[in-house]
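Both backbone and side-chain heavy atoms feed into the values below; hydrogens, waters and symmetry mates do not. Note that the structure is predicted; figures quoted are calculated from it, not measured. Each chain gets a letter, A, B and so on, in the order its sequence line appears, and its residues count up from 1.
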Amino acid sequence: MIRVDVRAKDYDGVPVLRDVRFDVARGETVALLGPSGIGKSTLLRLIAGIDTDFEGHVEAPEAMAIVFQEPTLLLWRSVLDNILLVHPRLPRDEALATLGKVGLRGKETQFPTQLSLGQQRRLSLARAFAGKPELLIMDEPFVSLDAAMADEMLGLAEALIAETRPATIFVTHAEPEAARLATRHLVLGGRPATLQP
Amino acid sequence: MVRALSLLGLLLLWMVAARLTDDPQVLPGPFALLTPFAAEIRSGALPYHLLHTLVRVAWAFALAMSIGMALGLAMGLFPALDRWLDPWLVVFLNLPALVLIVLCYLWIGLNETAAIAAVTLNKIPNVTTIIREGARALDPGLRAMAQVFRMPRRTYLRHVILPQLAPYTTGAARSGIAVIWKIVLVVEFLGRSNGIGFQIHLYFQLFDVAHVLVYALSFIAVMLAVEWLFLQPWERRVRRWRLA
């Protein structure tokens with residue numbers, strides 16, 4: 001169970017988030033919706049533990065994974081190393097199998113710079129799921145992809161979530177993405193942002 | 001090809017200058033150096049002094065790079081530390097090399113420790129400044145990724161931070177080795193009884209330009225070999241992902 005209780009988050013004295021409270025159970029997928037700049041990514045950073053400067057408390061498991069808007073890969077390490085360095089205890093065979101699930105088998109010795117943007121995004125997904133996370137955080141993972149590629153990535157994410165069953169929180173602006181992937185929707189709104197009923 | 005032609009042009013310029021000077025005591029031609037060069041090799045003097053200078057360069061380089069990288073990284077990552085140490089850095093950056101050398105000899109004595117300390121202290125501020133810029137430019141997205149995935153610290157340093165710093169490290173290393181060996185020569189000139197700098201001092205007093213050139217050019221050749229055999233291959237290796 002993931003328990004989020006953010007009482008207050010400010011940036012330079014400007015209130016950004018107030019009284020954001022919710023729980024996410026294992027296997028549940030929560031879509032976080034709201035207008036641009038409302039604080040959705042900020043909230044994800046608090047949940048992920050990247051930003052600890054806030055009032056409140058987040059209960060999250062150690063086994064956590066994140067997928068950013070950008071692939072955020074180690075461009076100077078091979079495709080396989082991008083998984084193994086992040087999950088040092090993962091057997092090589094399992095890492096290769098995960099690459100196979102996202103269609104990157106055979107590319108393991110290449111550098112990410114040799115992959116297309118779509119392949120880099122798939123590698124980013126593979127890295128997230130390889131460690132079998134209990135909590136998966138995704139910050140607009142399908143943004144700026146063409147319709148066909150976004151659909152392919154959604155399908156992949158759907159399959160991997162069904163297989164791994166983490167508690168998933170993801171930010172999106174696209175209602176169809178939320179409808180397809182999420183079991184529950186949360187909407188942030190207002191200034192400072194709170195959860196809308 | 002262009003490099004070879006350029007070097008050949010320099011050689012021709014030297015030959016013309018030597019012909020115009022018409023005084024081997026002032027400027028001997030390049031081929032006039034072959035005899036003293038062979039004599040210094042045969043007597044063992046050139047390898048002996050070359051080795052001493054190389055050891056000093058290696059020590060000063062290793063120490064300056066290690067300390068400068070650690071300081072630069074810390075200052076780049078922790079703004080509070082940077083605010084404290086930046087004034088010191090500016091002072092040391094602007095302290096003339098000669099002052100540090102003289103002070104090290106006065107405080108530590110005319111010994112090997114003082115010589116290496118003087119060279120190291122001269123180079124550390126430069127390495128620190130370059131690496132600090134690199135640390136400031138580290139990708140915050142990768143830091144967040146490493147944090148969320150609980151990447152072990154050593155892995156993070158080795159596979160995330162150091163590769164991002166590679167262009168800065170290479171720049172610091174290449175400029176460092178060039179500056180360090182020149183300072184080592186001054187250090188030897190002023191207070192050591194061996195090394196290329198000492199020999200140049202000796203032949204300066206004898207007004208023997210040919211021997212001064214033999215020692216200087218021999219060491220330049222060695223440093224070029226270091227550049228071609230070690231620094232350039234290393235740079236190619238760390239840049240190979242960009243070229244793939």
K.L.:
Could you walk me through whether Ile83(A) and Leu99(A) pass the side chain to side chain contact (heavy atoms under 4.5 Å, CB included) test, one step at a time?
P.N.:
CA-CA 9 Å; Ile83(A) 294 188; Leu99(A) 284 176; 3.6 Å; yes
K.L.:
One thing to verify: whether Lys132(A) and Glu94(A) come together as a salt bridge, which I'm taking to mean a side-chain N less than 4.0 angstrom from a carboxylate O.
P.N.:
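Here Glu94(A) pairs with Lys132(A) in a salt bridge, since their nearest N and O are under 4.0 Å apart.
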K.L.:
Who in residues 155-187 of chain B is close to chain A, using a strict under-4.5 Å heavy-atom cut-off?
P.N.:
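Listed by number, the contacting residues are Thr155(B), Arg158(B), His159(B), Val160(B), Pro163(B), Gln164(B).
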K.L.:
Give, as side chain, backbone, both or neither, the part of Thr72(A) having an atom under 4.5 angstrom from any heavy atom of chain B.
P.N.:
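Answer is both: backbone and side chain atoms of Thr72(A) are under 4.5 Å from chain B.
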K.L.:
What closest approach, in Å, do Ala144(B) and Ile50(A) show between heavy atoms, and which atom pair accounts for it?
P.N.:
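The pair with the smallest heavy-atom distance is CB-CD1, 3.7 Å.
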K.L.:
Does Thr168(A) form a side chain to side chain contact (heavy atoms under 4.5 Å, CB included) with Val30(A)? I'd like the steps, not just the answer.
P.N.:
CA-CA 6 Å; Thr168(A) 305; Val30(A) 171; over 6 Å; no
K.L.:
Considering only heavy atoms and a distance below 4.5 Å, find which of Arg143(B), Arg150(B), Met151(B) pairs most often with chain A.
P.N.:
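Highest number of pairs under 4.5 Å: Arg150(B).
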K.L.:
Which atom pair, heavy atoms only, marks the closest approach of Glu188(B) to Ile196(B)?
P.N.:
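Scanning both residues, the minimum pair turns out to be OE1-N, 3.1 Å.
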K.L.:
Work out which heavy atom in Tyr105(B) is nearest to a heavy atom in Asn111(B); give both atom names and the distance.
P.N.:
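That would be CE2-O, 4.2 Å.
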K.L.:
For chain A, which residues from residues 62-84 of chain B have at least one heavy atom closer than 4.5 Å to it?
P.N.:
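The residues closer than 4.5 Å to chain A amount to none at all.
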K.L.:
Within this structure, what is the CZ-CG distance for the pair Arg56(B) and Leu51(B), rounded to the nearest 0.5 Å?
P.N.:
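Rounded to the nearest 0.5 Å, the CZ-CG separation comes to 10.0 Å.
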K.L.:
Check this for me: does any side-chain nitrogen of one of Arg3(A) and Asp5(A) sit under 4.0 Å from a carboxylate oxygen of the other?
P.N.:
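So Arg3(A) does not pair with Asp5(A) through a salt bridge.
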K.L.:
Please report the shortest heavy-atom distance between Leu125(A) and Met153(A), naming the atom on each side.
P.N.:
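Leu125(A) and Met153(A) have their closest heavy atoms at CD1-CE, 3.8 Å.
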K.L.:
So, for Arg184(A) and Glu28(A), which heavy atoms are closest and what is the spacing to 0.1 Å?
P.N.:
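Arg184(A) and Glu28(A) have their closest heavy atoms at NE-OE2, 2.7 Å.
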K.L.:
What part of Glu62(A) gets within 4.5 angstrom of chain B, counting heavy atoms only: side chain, backbone, both, or neither?
P.N.:
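Glu62(A) touches chain B through backbone and side-chain heavy atoms alike.
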K.L.:
Check for me whether the distance between the ring centres of His87(A) and Phe149(B) falls short of 6.0 Å.
P.N.:
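Yes, ring centres under 6.0 Å apart.
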K.L.:
Partners of Phe22(A) by ring-ring contact (aromatic ring centres under 6.0 Å, His included), sequence neighbours excluded?
P.N.:
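Once residues adjacent in sequence are excluded, Phe22(A) has no partner under the ring-ring contact (aromatic ring centres under 6.0 Å, His included) criterion.
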K.L.:
Side chains of Ile137(A) and Val148(B): closer than 4.5 Å at any heavy-atom pair?
P.N.:
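No, their side chains stay 4.5 Å or more apart.
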K.L.:
Of Leu186(A), Leu135(A), Leu136(A), which is the lone residue that meets side-chain contact (heavy atoms from CB on, under 4.5 Å) with Ile169(A)?
P.N.:
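Answer after filtering Leu186(A), Leu135(A), Leu136(A): Leu135(A).
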K.L.:
Using a 4.5 Å heavy-atom cutoff, which residues in residues 35-42 of chain A come close to chain B?
P.N.:
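Those residues of residues 35-42 of chain A which would need a heavy atom under 4.5 Å from chain B do not exist here.
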